[in-house]
Amino acid sequence: MRINVARSSMPPFEEYCAEIRDLWDTHWLTNNGEKALKLEAALMEVLDTPNVVLFSNGHLALEAAIRAMGLSGEAVTTPYTFASTTHALVRCGVSPVFADIRPDTYTLDPAEIERRITPQTTAIVPVHVYGNFCDVEAIAAIAEKHHLKVLYDAAHAFGATYNGRTAAAFGDAAMFSFHATKVFHTVEGGAVVCKSAELANALRLERNFGITGPENTVSVGGNAKMNEFQAAMGLCNLRHLDEEIEKRRKVCAVYHARLNGVAGLTLCPERAEDNCAYLPVLFNGFRKTRDQVFSELAAQDIYARKYFYPITPAFECYADRFDPNDTPIAKRVSEQILTLPLYAGLAEADVQRICDILLR
Ligand SMILES: *Cc1c(COP(=O)(O)O)cnc(C)c1O
C-alpha cells in the first residue's frame, strides 16, 4: 500500500456531522458565522493570544498580514521555506532579501539577518520551519534596533511551544496555516494572530473587501474568509489536538530510535515542546545520497518529500531575480534533506520498514 509523506487527520465522521447539523437550521454559511466565531475564541485560548483572525487559507492570511502591517520596500526573509512565504512578499510588492539559515535548526541565522538590512528594509519575515522555533529573542532585538516589523510564518508551528509560550507570542504578528496536511487543519484555512487590536481590525478589512457596514467600504480589501464548514472541521480537530500530537510523537520516537547516531544522518533533536509536524533527515556523508534514498523508497511505494528543495530563490519564476548561491547553507541543506512519512495513523511496522529500506 502506498505511503505518502503526510495523511490528513479526520475527526470521527459522526462528530463532524453533528457539528454541521445546525447549519441546516440557520442557513448561515460564512461571514462571521457562529462556528468561525467559536473557533476564533477557542484558538485565542489554545494560542494564548488576544486576537485571532481566521482566513480561508494560510497564504491569503500571510498576504493580508503583509498589507495590513503596511510592509514595503524590502523584507529580510528565509529562502528555506514553502513557496508561500516568498510569493506572498513578491505578490504584495515587497522585495524579499534572503538571509542564510542556521545549519542545525534550518531557521534564519540572526547574524545573517543583520547583514542583509538596508535603508529600504521594513520587516523581517522568518519561518519556524518544521516547528523549530527561530531565535525569537535575537530577532526581536534586531527588529527593535533597526525599527523593523516582524511577521512570523508560523505555518508549521501550531501546537509547538518554546519555554511554555506558543508561536503567537513572538513578532508583531504570526500566520498559522490550517491546510489539510498540517498538524491541526480546517481542510484549507489559516489565521493571523497579533497583540494589536488595531492590526486585527485592519486584517478583518483585508479579509472582507474593506467593508465596515452595509453602506460603508473603507479600503480595497479582498475576500479570504473562512466558511462555516471549514470552521466546523477546525472545532472537531481541535478537540483531538493533543491526541494527534501524541500519536505523531510515538511515530517520531520510532524513527529516532532507528536513525539517531547513524553516521551521515542528522535528525532534529526530539523536543518535548515540539508538535511533531515533520521528520526531516539530513544526508551528509551517508553512504547513499538523499536522491538515492528518495528513489529507493519511491520504488517501494513510499513517498518521502524533498522538503524544501529547491530553495525559493532557485524557482524558475525567479530565475532573473535571485541568486540561490547567496545563501549557501540553505542551498546545501535543500540538497541533503528528506522529509520522511509522518502522520498520526502511520503504523510502527511501516516506520520500521521505511528505516530498513533507508539503512539497507
Ligand atoms: C503550508 C504553508 C503555508 C501556507 O499554507 P496554505 O496552504 O496556504 O494554508 C505558508 N508557509 C509555509 C512554510 C507552509 O508550510
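In each ligand, atom 1 is the first atom listed, and ligand 1 is the first ligand listed. One-based numbering along the sequence shown.
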Exercise. Looking at Arg249 and Glu246, does any basic side-chain N land under 4.0 Å from a carboxylate oxygen?
Worked result: yes

Seminar exercise, completed: The single option from Val53, Leu203, Leu151 that satisfies side-chain contact (heavy atoms from CB on, under 4.5 Å) with Cys194 is Leu203

Exercise. Got a salt bridge between Arg239 and Glu15, using NZ or NE/NH1/NH2 to carboxylate O under 4.0 Å?
Worked result: yes

Exercise. Once the angle between the rings of Tyr278 and His156 is folded into 0 to 90°, is it parallel (under 30°), tilted (30 to 60°) or perpendicular (over 60°)?
Worked result: tilted

For this session: Return the orientation label for the Phe184 and Phe158 ring planes: parallel under 30°, perpendicular over 60°, tilted otherwise.
Result: parallel

For this session: Could you tell me how the ring of Phe170 sits relative to the ring of Phe133: parallel (under 30°), tilted (30 to 60°) or perpendicular (over 60°)?
Result: perpendicular

Exercise. What protein heavy atom sits nearest atom 11 (N) of ligand 1, and how far away is it?
Worked result: Asp153 OD2, 2.7 Å

For this session: Mind listing the closest non-hydrogen atom pair of Phe283 and Leu358 along with its distance?
Result: CE2-CD2, 4.1 Å

Exercise. Counting each atom of ligand 1 from 1 as listed, which ones have a heavy atom of Tyr307 under 4.0 Å away?
Worked result: 15 (O)

For this session: Please confirm whether Val127 comes within less than 3.5 Å of ligand 1 when only nitrogen or oxygen atoms on both sides are compared.
Result: no

Problem set entry | Under 4.0 Å to a heavy atom of His179 - the qualifying atoms of ligand 1, by number | 7 (O), 9 (O)

Exercise. Which option, Lys182, His185, His156, Met175, owns the non-hydrogen atom nearest atom 2 (C) of ligand 1?
Worked result: Lys182

Seminar exercise, completed: The option among Ser56, Gly190, Ser177 carrying the non-hydrogen atom nearest to atom 5 (O) of ligand 1 is Ser177

Problem set entry | ligand 1 atoms in contact with Thr81 (distance to a heavy atom under 4.0 Å) | 13 (C)

Problem set entry | Atoms in ligand 1 with a heavy atom of Gly189 nearer than 4.0 Å | 9 (O)

Problem set entry | Contacting atoms of ligand 1, where contact means under 4.0 angstrom from a heavy atom of His59 | 4 (C), 6 (P), 8 (O)

